[in-house]
Each structure stands twice: as structure tokens, then as C-alpha cells.
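Notes follow once the structure below has been shown.
FYI, side chains are in, hydrogens and waters are out, and symmetry mates aren't considered; it's all heavy atoms of this structure. In what follows, residues are counted from 1 in the order of the sequence shown.
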Amino acid sequence: MGAAFLMATSAIGPAFLTQTTVFTQNLAASFGFVILISIILDIFAQTNVWRIIAVSEKRGQDIANMVLPGLGYVLSFLIVIGGLAFNIGNIAGAGLGLNALAGLTPETGAIISAVIAVFIFLVKEAGKAMDRFTQIAGFVMIGLMIYVAFSTAPPVGEAVVKTVVPDKIDILAIVTLVGGTVGGYITFAGGHRLLDAGIKGVDSLPEVTKSSIVGILITSVMRIALFLAVLGVVSKGLQIDPANPPASVFQLAAGNIGYKIFGIVMWSAAITSVVGAAYTSVSFIRTFSPRLDKNYKQIIIGFILISTVSFVLIGKPVKILLLVGALNGLILPIALSTLLVAAYKKNIVGDYKHPLWLTVSGVLVIIVMAWMGTYTLINQIPELF
């Protein structure tokens with residue numbers, strides 16, 4: 001459950017809230033179809049990645065280096081850079097959450113949030129503290145989100161119909177959702193957590209598969225609740241403020257109480273993403289030397305502090321986030337294709353036989369995400385100059 005919630009709460013960050021709100025505005029009830037397809041692709045991706053990590057009993061970067069010497073270092077570089085850039089956005093989101101909740105400036109809120117995140121890793125049993133923290137924050141977020149969804153009285157019947165028979169299909173929305181839910185460091189968050197907890201090997205596969213699917217389902221419940229909340233607001237013809245779409249939805253749904261709930265949800269989403277991004281990004285470099293492995297907690301704390309200082313001093317670097325967002329879309333196909341190759345190498349997985357349906361579904365995810373990730377990268381790079 002700790003691994004499932006770490007993965008889910010890493011996925012549910014400030015960008016998750018904004019993307020879901022904006023896409024629901026654009027697609028209305030047909031966004032349900034996008035959510036359905038993204039859930040299927042997410043389950044295919046996560047089930048493959050977690051199983052192969054568990055069976056090989058190795059982290060993603062070590063598997064990649066065994067498939068092709070040096071590939072693990074490239075993958076680690078992409079994930080650490082991506083994790084750092086997104087953590088600046090996560091810290092900013094935590095600051096905005098406390099701004100809505102308590103009226104603090106976003107910078108002050110960001111610093112307080114960073115102190116809380118650092119404290120989690122100063123605890124002796126940091127892994128257990130992280131598990132407990134993400135579970136509590138996850139339950140709070142989902143509970144409040146369901147309450148807001150009920151408050152807006154969305155047209156549920158229409159949403160169900162359009163989920164199966166949409167008026168419009170938005171491919172970019174599907175890719176954005178998949179990349180945001182299982183892209184970049186999030187792909188490995190739960191798998192690496194299970195390794196650290198000693199849940200590995202062929203015998204643990206039922207637990208591993210269950211955990212990966214639970215992680216996706218937790219994310220999906222949050223996504224569906226937010227989708228219904230926004231749909232309820234849009235269907236009444238109310239105007240959502242483009243400056244802060246998620247906050248506007250909560251306020252329109254439940255007045256000032258709704259705005260305070262937004263503060264709690266935004267802060268919970270952001271702070272758990274800060275923890276998840278730091279933990280997983282550092283897990284990608286700690287096996288490269290005994291010294292890194294021994295001091296990994298201090299490196300995680302440094303990672304959080306660098307993200308916070310970057311936000312406080314230079315704000316949210318939009319151009320860097322855009323470029324890293326595009327790179328993030330390419331990490332999933334690179335990582336997944338590497339692990340699928342590893343699944344058929346005896347020196348990595350021993351006598352384990354990877355199910356054919358998982359290989360086929362994994363290849364499907366790779367093709368879709370590689371195509372759209374490349375498309376996004378080509379279109380975004382010129383905008384940076």
C-alpha cells in the first residue's frame with residue numbers, strides 16, 4: 001500500500017489538478033473517454049515495469065546498464081533532471097496551497113512545506129514515515145475531492161455515455177494524462193519502493209501486480225472525482241478563471257469553504273509529489289557508488305532544498321518545465337522498452353517467463369508514447385528560443 005500510494009500521490013501533483021480541469025473544460029463529458037483510455041495504458045505500463053523490477057531484484061538504472069552498458073546512466077540523468085525541474089513546480093504548488101489555506105505568501109508556504117518534507121527523511125524509519133504520510137495525504141485528498149464532486153451535482157449519466165461514445169477524441173490529452181501519471185520518475189516510484197521494502201522475486205509477483213494496479217486506481221478515483229466536479233461547474237455555464245482553473249472550480253462549487261478545500265488538496269498533492277520526486281530521483285543514482293548509497297537520505301534532503309531555493313530565488317522556470325515536460329514524455333517509452341528487453345534476458349530475470357499479453361500491451365504503450373512524445377518535443381523546442 002505504501003508503494004501504491006507513493007506512486008499515486010507522486011502522480012497527483014499541481015500539474016495533475018490543472019491538466020484535468022483544463023481538459024474537462026475543453027472536452028466536457030467526452031473527457032471521460034480520455035480518462036478511460038489513459039487508465040488502460042497506465043495499467044499496462046505500470047504492471048510491466050513493476051513486475052520486471054521485482055523479478056530481476058534490481059533498480060531501473062541497473063537493469064538498463066545490463067541491457068546496454070551506459071544506458072542506465074542516460075536514463076538516470078533524464079530522470080534526475082526531470083525530477084528536479086518538476087520538483088520546483090511541486091514546491092511552487094505547495095506554496096500556492098498554503099497561500100489559499102492560510103494567506104501566506106507562496107514563497108513562505110514553499111519554505112514551510114520544504115521543512116516538512118525534509119523532516120520526513122530525517123526520521124529514523126524514513127521509509128515507513130514516507131508511506132504513512134503519503135497514505136494519510138492521499139485519503140484526505142480523495143475524500144475532499146469526492147465531496148466537491150457531489151457539491152457540483154454533475155451530469156453523471158451523460159459522463160458515463162460519453163466515456164464510451166465520445167463526441168471528440170483528443171490524442172494529445174491522452175498522452176498528457178499517461179505521461180503525467182506514469183511518465184518520468186513516477187514510472188519507477190512504486191517499484192523502487194517495493195525493492196527497498198524487501199518485496200521482490202517471483203514469489204512476490206501477486207503482491208507486486210496488485211500494488212501497481214491499486215496505485216493506478218487511486219490516481220483514477222482522484223481524476224474521476226475532479227473531472228466530475230469540473231463537469232458539474234461547466235454544465236451550469238459558470239466561468240472558470242483561466243489564471244487558476246482548479247482553485248476557481250473549488251470556489252464555484254462550494255464558495256469560500258471550497259477555496260479552503262482547494263488549499264488543502266493543492267498542498268497535499270504538491271507536498272506528496274515533492275517527497276515522491278526526491279525519493280525516486282535519488283534512488284536512480286544511489287547504486288552508482290557505496291558512498292552515494294550510504295548518504296542517500298542527505299542527498300534527498302539536498303534535492304528538496306535545491307528545488308526550494310530555485311523557486312524562491314528565480315520563481316517557476318516555465319521554459320525549463322516545458323522542455324523537461326517534453327523529455328518526460330520520452331522517458332516512459334525508453335524505460336519501458338529497456339525493461340521489456342530485460343524481461344527476455346536470462347542473466348537479468350533468470351527462468352522467469354514474461355506473459356505475452358503484457359509484452360504486447362507494453363509495446364503498444366511504447367509506440368503511442370514515443371510518437372506523441374517526439375511530436376511534443378519537436379513542437380516545443382522552437383518555442384524556447
Please check: side-chain N/O of S212 versus main-chain N/O of T209, any donor-acceptor pairing under 3.5 Å? yes
Look at the rings of F188 and H192 and say which category their plane angle falls in: under 30° parallel, 30 to 60° tilted, over 60° perpendicular. tilted
Just wondering, do M369 and L41 contact through their side chains at under 4.5 Å, heavy atoms? no
Would a single hydrophobic cluster contain both I37 and W357, if residues Ile, Leu, Val, Met, Phe, Trp and Tyr are joined by side-chain heavy-atom contacts under 4.5 Å? yes
If I take atom CG from residue N65 and atom OG1 from residue T287, how far apart are they, to the nearest 0.5 angstrom? 8.0 Å
If every non-hydrogen atom of A343 is compared with every non-hydrogen atom of I52, which pair is closest and at what distance? CB-CD1, 3.8 Å
State which residues pass side-chain hydrogen bond (donor to acceptor under 3.5 Å, both in side chains) with Y352; sequence neighbours excluded, sorted by chain then number. R51, H354
Among residues two or more places apart or on two chains, list those pairs meeting salt bridge (charged side-chain N to carboxylate O under 4.0 Å, His left out) that have a residue in residues 289-310. R286-D293
Rounded to the nearest 0.5 Å, how far does CD1 of I218 lie from OG1 of T9? 8.5 Å
Any side-chain heavy atom of V360 within less than 4.5 Å of one from L364? no
Give the C-alpha distance, both sets of side-chain angles, the deciding distance and a yes or no for side-chain contact (heavy atoms from CB on, under 4.5 Å) between I213 and I43. CA-CA 6 Å; I213 293 171; I43 288 174; 4.2 Å; yes
Rounded distance (nearest 0.5 Å) linking atom CD1 of I186 with atom CG of L332: 10.5 Å
Got a sec: does the CZ of F119 have more than 12 other heavy atoms crowding it under 6.0 Å? no
Strictly distance-based, threshold 3.5 Å: is any side-chain N or O of S273 a donor or acceptor partner for the main-chain N or O of S10? yes
I want to check something: taking the side chain as every heavy atom from C-beta on, are T20 and F31 in contact at a cut-off of under 4.5 Å? yes
Among T338, L71, I348, side-chain contact (heavy atoms from CB on, under 4.5 Å) partner for M66: I348
Take L194 and K200 through the test side-chain contact (heavy atoms from CB on, under 4.5 Å) and record every step on the way to the result. CA-CA 7 Å; L194 289 176; K200 54 191 177 183; over 6 Å; no
Can you find a side-chain donor-acceptor pair between Y279 and D196 that sits under 3.5 Å? yes
How would you list, by chain and number, every residue that makes a ring pair (Phe, Tyr, Trp, His ring centres under 6.0 Å) with Y73, sequence neighbours excluded? F288
Are side-chain heavy atoms of I299 and I285 found at a separation under 4.5 Å? yes
Out of curiosity, does V156 fall in the hydrophobic cluster containing I146 (side-chain heavy atoms, cut-off under 4.5 Å, transitive links)? no
Got a sec, which residues hit ring pair (Phe, Tyr, Trp, His ring centres under 6.0 Å) with F5, two or more places apart in sequence or on another chain? F139
What is the minimum heavy-atom distance between S151 and A253, and which atoms define it? CB-O, 3.9 Å
Path from V22 to V265 over hydrophobic side-chain contacts below 4.5 Å: no
Any residue meeting ring pair (Phe, Tyr, Trp, His ring centres under 6.0 Å) with F133, in chain and number order, not counting sequence neighbours: none
Distance from L101 atom CG to L96 atom CG, nearest 0.5 Å? 12.5 Å
Has T308 got a side-chain atom pairing as donor or acceptor with I304's backbone, closer than 3.5 angstrom? yes
Just wondering, do L340 and N48 contact through their side chains at under 4.5 Å, heavy atoms? yes
Shared hydrophobic cluster, F33 / L231 (ILVMFWY, side-chain heavy atoms < 4.5 Å): yes
If you take all heavy atoms of L84 and S307, which pair is closest and at what distance? CD1-OG, 3.6 Å
Side-chain (S361) to main-chain (L358) donor-acceptor, under 3.5 angstrom: yes
Is Q61 reaching over with its side chain to a backbone N or O of F284, donor-acceptor style, under 3.5 angstrom? yes
Where do M7 and T219 land on the side-chain contact (heavy atoms from CB on, under 4.5 Å) test, with the steps shown first? CA-CA 9 Å; M7 175 263 137; T219 314; 3.9 Å; yes
Cation-pi geometry met for R223 and F16 (6.0 Å, 45°): yes
Give the cluster check for F23 versus I169: same hydrophobic cluster or not, with ILVMFWY residues linked at side-chain heavy-atom distances below 4.5 Å. yes
Measuring from I216:CD1 to I40:CD1, what's the distance to the nearest 0.5 Å? 12.0 Å
Provide the full list of salt bridge (charged side-chain N to carboxylate O under 4.0 Å, His left out) pairs with a residue in residues 168-194, sequence neighbours left out, each pair given once. D131-R193
Can you tell me if K345 has over 12 outside heavy atoms packed within less than 6.0 Å of its NZ? no
Please check: side-chain N/O of S337 versus main-chain N/O of I334, any donor-acceptor pairing under 3.5 Å? yes
Stepwise, does the side-chain contact (heavy atoms from CB on, under 4.5 Å) test hold for V234 with I240? CA-CA 8 Å; V234 170; I240 294 172; 3.9 Å; yes
Contact between I53 and K58 at the side-chain level, heavy atoms closer than 4.5 Å - yes or no? no
Between I300 and A278 the two heavy atoms that sit nearest each other are CG2-CB, 3.8 Å
Would the distance check show the side chain of N99 and the main-chain N or O of T105 forming a donor-acceptor pair, the cut-off being under 3.5 Å? no
Would you say S113's side chain and I271's backbone share a donor-acceptor pair under 3.5 angstrom? no
Residue pair L205 / V202, side-chain heavy-atom distance below 4.5 Å: yes
Report yes if some heavy atom in the side chain of F121 is under 4.5 Å from a heavy atom in the side chain of M130; otherwise report no. yes
Please answer whether the main-chain N or O of E207 pairs with a side-chain N or O of S211 as donor and acceptor at a distance below 3.5 Å. no
Looking only at non-hydrogen atoms, find the nearest pair between Y185 and T280 and report the distance. O-CG2, 3.2 Å
More than 12 non-hydrogen atoms from neighbouring residues, nucleotides or ligands closer than 6.0 Å to CD1 on I257, yes or no? no
Can you measure from CD1 (I264) to CE (M145) and round to the nearest 0.5 angstrom? 12.5 Å
Please check: side-chain N/O of N87 versus main-chain N/O of G83, any donor-acceptor pairing under 3.5 Å? no
Surrounding CG of D351 (heavy atoms of other residues, nucleotides or ligands, distance under 6.0 Å), is the total greater than 12? no
Can you see which heavy atom on F311 is nearest to which on E107, and at what distance? CE2-CA, 4.2 Å
